[in-house]
Amino acid sequence: MMKKETDEALAYSLGVLNEIYGDGFIHCETQACFDDVYCGWVDFHGTVDGRLHVADLKTGWGSNDDHEAQQEGYAVALLWGAREGIWPNIKDYENATCHLIWEDQRYHHQWDVNFDKAKAKVMEIIAKRLSPTAKPKANKNCQWCKELPECDAVIHEIVQVVNDGLP
C-alpha cells in the first residue's frame, strides 16, 4: 500500500510540474544566491514566456505561511541572477510566480511576487535574524541547520524534554 501512495504522490507532483512548465526546460536542485547575502537550493525553476516560475515540493501537512518567504527568497536570488546575466531565459526581471506543491495533501499553492516587495520581505527577516537581540527558537526546520549541535534553543528543548520525563 505504501508504494501505491508514494506513486500517487509522485504522479501528482509530476502532473503539477507539467502544468507549470509544459515542455519547457526545468532546472532542478540549483543553488541560487542573492549577491553575498544568502544562498539556497531551489527544487525547481524555469521560465514560461520569459517569466520565472519557482517550485518547491513539500511533504507532510505543513502550511503555506511557513514556506512562502523561502520561495520568495529563491525568486529574488534568481531574478537578481537574471539581472546579472546568469539566467538569460528570464526576461521579466521584476516578477515571478512561486509554487508550493504539497505531495501528501495533493495541493498546489501558487502566488505572484514582485522583486522589490519580496526583497524587502526577505531583508526584513534577515535583519531580524542578525539583530544582536535575536534569540533562536527551535522549530521543525532546525533539522536543516548547520548550527543544530550548538544551538541554545534546541539544547533548551532537549533539556526540557529530559526534565519532563522522556515519553
Side-chain angles (χ1 to χ4, degrees), residues 9 12-148 151 153:
Y12 174 79
S13 297
L14 289 173
V16 173
L17 290 170
N18 282 326
E19 287 175 22
I20 297 167
Y21 300 107
D23 60 358
F25 187 81
I26 304 173
H27 299 271
C28 301
E29 290 299 323
T30 304
Q31 187 177 38
C33 298
F34 177 62
D35 204 11
D36 291 329
V37 180
Y38 65 86
C39 290
W41 290 92
V42 183
D43 284 1
F44 303 99
H45 73 93
T47 57
V48 177
D49 298 327
R51 182 185 179 106
L52 172 65
H53 284 255
V54 181
D56 202 18
L57 295 181
K58 298 295 181 191
T59 57
W61 299 90
S63 73
N64 294 322
D65 294 341
D66 293 338
H67 302 286
E68 286 179 351
Q70 174 192 19
Q71 289 303 101
E72 292 182 29
Y74 293 155
V76 167
L78 292 165
L79 291 171
W80 182 82
R83 294 173 179 196
E84 296 292 309
I86 297 169
W87 303 107
N89 289 342
I90 301 173
K91 306 298 182 200
D92 180 354
Y93 299 156
E94 299 300 322
N95 304 290
T97 302
C98 295
H99 306 266
L100 291 172
I101 304 166
W102 291 92
E103 285 193 332
D104 297 335
Q105 299 178 47
R106 311 294 195 274
Y107 172 66
H108 173 206
H109 176 59
Q110 172 181 319
W111 72 103
D112 294 327
V113 298
N114 168 272
F115 179 84
D116 290 330
K117 289 179 182 176
K119 179 182 169 191
K121 180 180 187 176
V122 172
M123 292 295 112
E124 181 181 350
I125 292 168
I126 290 173
K128 284 180 183 177
R129 173 61 181 96
L130 296 177
S131 167
T133 60
K135 293 186 178 170
K137 295 178 183 173
N139 64 62
K140 64 183 176 183
N141 295 314
C142 290
Q143 64 184 326
W144 306 110
C145 182
K146 67 180 181 175
E147 305 297 329
L148 179 64
C151 179

**Asked** Quick one: CG on L78 to CD1 on I86, what's the gap to the nearest 0.5 Å?
**Response** 9.0 Å

**Item:** From H67 atom NE2 to H109 atom NE2, the distance as rounded to the nearest 0.5 Å
**Value:** 11.0 Å

**Complete:** Shortest non-hydrogen pair, K121 vs A69, comes out as CE-CB, 4.2 Å

**Asked** Any idea which heavy atoms bring A9 and R106 closest together, and the distance?
**Response** N-NH2, 3.5 Å

**Asked** Just how far is it from atom OG1 of T59 to atom CD1 of I101, taken to the nearest 0.5 Å?
**Response** 12.5 Å

**Prompt:** Out of T97, L79, N95, which residue meets the side-chain contact (heavy atoms from CB on, under 4.5 Å) rule with L52?
**Reply:** L79

**Request:** Would you mind listing every ring-ring contact (aromatic ring centres under 6.0 Å, His included) that reaches into residues 119-143, with sequence neighbours excluded?
**Result:** none

**Message:** How about NZ on K119, more than 12 heavy atoms from neighbouring residues, nucleotides or ligands closer than 6.0 Å, or not?
**Reply:** no

**Asked** How many angstroms lie between NZ in K58 and OG in S13, if you round to the nearest 0.5 Å?
**Response** 12.0 Å

**Prompt:** So, for G60 and D104, which heavy atoms are closest and what is the spacing to 0.1 Å?
**Reply:** N-OD2, 2.5 Å

**Fill in**
Separation between CD (E72) and CG (N114), nearest 0.5 Å, reads 10.0 Å

**Prompt:** Is the backbone of G73 close enough, under 3.5 Å, to the side chain of Y38 for a donor and an acceptor to pair up by distance?
**Reply:** yes

**Request:** Let me see the working for T47 and K91 under side-chain contact (heavy atoms from CB on, under 4.5 Å), right down to the final yes or no.
**Result:** CA-CA 9 Å; T47 57; K91 306 298 182 200; over 6 Å; no

**Prompt:** Can you name the nearest heavy-atom pair linking V76 to A118, along with the distance?
**Reply:** CG2-CB, 3.6 Å

**Request:** May I ask you to say whether E94 pairs ionically with R83, meaning some side-chain N is under 4.0 Å from a carboxylate O?
**Result:** yes

**Prompt:** Below 4.0 angstrom, N of the basic side chain to O of the carboxylate: do K117 and D112 qualify?
**Reply:** no

**Fill in**
Partner of Q71 under side-chain contact (heavy atoms from CB on, under 4.5 Å), picked from N64, D56, V42, V113, is D56

**Prompt:** Taking the side chain as C-beta and beyond, is there a heavy-atom pair between W111 and L100 under 4.5 Å?
**Reply:** yes

Compile the donor-acceptor pairs under 3.5 Å between side chains in residues 25-37 and protein atoms, sequence neighbours left out, one pair per line.
none

**Euclidean distance, I125 CD1 relative to M123 CE, rounded to 0.5 Å** = 9.5 Å

Give every donor-acceptor pair under 3.5 Å between a side-chain atom in residues 14-24 and any protein atom, sequence neighbours left out.
| unit_1 | atom_1 | unit_2 | atom_2 | d |
| --- | --- | --- | --- | --- |
| N18 | ND2 | L14 | O | 3.2 |
| Y21 | OH | H53 | O | 2.9 |

**Request:** Provide the closest heavy-atom pair for W80 versus F115 in the form atom of the first, atom of the second, distance.
**Result:** N-CE1, 4.0 Å

